[in-house]
Amino acid sequence: METTRQTITVLVAEDDPDDRKFIKKAFGAAKSEARFIFVEDGEELMDYLKRREIYKSEDASPIPDLIILDLYLPKRDGKSLLKEIRASARHKKTPILILTGSQSDEDLLESFNLGVNSYHQKPNTMTEWIQLAKELSSYWIV
Amino acid sequence: MPENHAPLAVLMAEDDPDDQKLTRKAFERAGLHYTLTMVNDGEELMAYLRRELPFENLGKHPEPDLILLDLNMPKKDGRAALQEIRADENLRHIPIVALTTSKAEQDVLRSYQLGINSYITKPVTFDDLVKVVKPLGEYWSEIVRLPQRVK
């Protein structure tokens, strides 16, 4: 990641409200120096990235430096989301980290085939969430 | 370092023999659980991955868990190799980290566009190289779930 003076923007696509809470708490505890923006389903994610609907203005949708993506979101299939994101000129190069509850080896392989940068299993305990957030922050954000 | 997983199989493409030596030493010093195979340029890298001579023995030359890629190499540079790997449906899943001298924004952007997983500017001193290699190895062995080796 290039370090600049601007705040790093992390876009998190996560439909489960508990997981959103864990993510917020974990990255907070990890003291991540980034701005976290949340979207809750696949359509909202694409509206954000394509600056549509409520995300039309630049202020409403700062370009993410990093995307954290749950594979199984409502409204859009995760693989089709990955294809669409990677096909876009603006987001072809944006690092995408998958954060999923899926244990499937196929999901894992297919995600890498579709160009994700990194792939992670959702943790089970708050301690593990914080540890993961620290590792991800240290690798991608700092 | 917990050894409840297989060693991280790292394949490094690097043309400078001193950098090869230093990186080997850095991996040793970092105390990681790994294997490190070196290839000298982009052509060798592709031959290794495609199991062409002299890399035809799968036992001796298994598919890597991670490729460390110098961008600037003779015969075939890292950018060209990166493109070829991402275009190959049998190879495209392999995580690739650029480990290269260039810190030029152009190179960083272009590498991400071509599908690098992450980009690291090679540090100048050995101690700094160890400081980079240790978390790099730990991240790719323990934090990332790696795609299946054999399909």
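Each chain gets a letter, A, B and so on, in the order its sequence line appears, and its residues count up from 1.
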* Structure fact -> Honestly, the part of L114(A) sitting under 4.5 Å from a heavy atom of chain B is neither

* Tell me, yes or no, whether the heavy-atom count around K79(A) atom NZ, taken from other residues, nucleotides or ligands under 6.0 Å, exceeds 12. => yes

* **Contact residues of residues 120-131 of chain A (partner chain B; heavy-atom separation under 4.5 angstrom)** => H120(A), Q121(A)

* Please walk me through it: do L136(B) and Y139(A) pass side-chain contact (heavy atoms from CB on, under 4.5 Å)? -> CA-CA 8 Å; L136(B) 175 68; Y139(A) 195 88; 3.6 Å; yes

* Is it true that atom CD of E53(A) has more than 12 heavy atoms of other residues, nucleotides or ligands lying nearer than 6.0 Å? -> no

* Asked: How long is the gap from CD1 on I143(B) to CG on L97(A), to the nearest 0.5 Å?
  -> 12.0 Å

* Check against side-chain contact (heavy atoms from CB on, under 4.5 Å), N117(A) and Y112(B) -> CA-CA 9 Å; N117(A) 296 67; Y112(B) 275 102; 3.8 Å; yes

Could you give the side-chain donor-acceptor pairs of residues 22-35 of chain A under 3.5 Å, partners two or more places apart or in another chain?
| unit_1 | atom_1 | unit_2 | atom_2 | d |
| --- | --- | --- | --- | --- |
| S32(A) | OG | F27(A) | O | 3.4 |
| S32(A) | OG | S137(A) | OG | 2.3 |
| R35(A) | NE | T9(A) | OG1 | 3.1 |
| R35(A) | NH2 | T9(A) | OG1 | 2.8 |

* Strictly by modelled atom types, are Y139(B) and S118(A) linked by a side-chain donor-acceptor pair under 3.5 Å? -> yes

* Hydrophobic cluster membership, L109(B) vs L82(B), 4.5 Å side-chain cutoff -> no

* To do: Please report the shortest heavy-atom distance between Q113(B) and K93(A), naming the atom on each side.
  => N-CB, 3.8 Å

* Given the options V116(A), L108(A), L136(A), which has more heavy-atom pairs under 4.5 Å with chain B than any of the others? -> L108(A)

* **Euclidean distance, N117(B) CG relative to I96(A) CD1, rounded to 0.5 Å** => 11.0 Å

* Between CD on residue E142(B) and CD on residue E135(A), distance to nearest 0.5 Å -> 7.5 Å

* **side-chain contact (heavy atoms from CB on, under 4.5 Å) between L146(B) and Y119(A), worked out** => CA-CA 7 Å; L146(B) 294 171; Y119(A) 191 104; over 6 Å; no

* Structure fact -> Here the pair of heavy atoms bringing P147(B) nearest to L109(A) is CB-CD1, 4.0 Å

* Considering only heavy atoms, which portion of I116(B) lies under 4.5 Å from any heavy atom of chain A: side chain, backbone, both, or neither? -> backbone

* To do: Please check if I63(A) and M46(A) belong to a single hydrophobic cluster, counting links between Ile, Leu, Val, Met, Phe, Trp and Tyr side chain heavy atoms closer than 4.5 Å.
  => no

* Structure fact -> Highest number of heavy-atom pairs under 4.5 Å with chain B among E110(A), R86(A), Q103(A) belongs to Q103(A)

* Using a cut-off of 6.0 Å, state whether more than 12 heavy atoms not belonging to R51(A) lie near its atom CZ. => yes

* Does the distance from a Lys or Arg side-chain N to an Asp or Glu carboxylate O, for D105(A) and R145(B), drop under 4.0 Å? -> yes

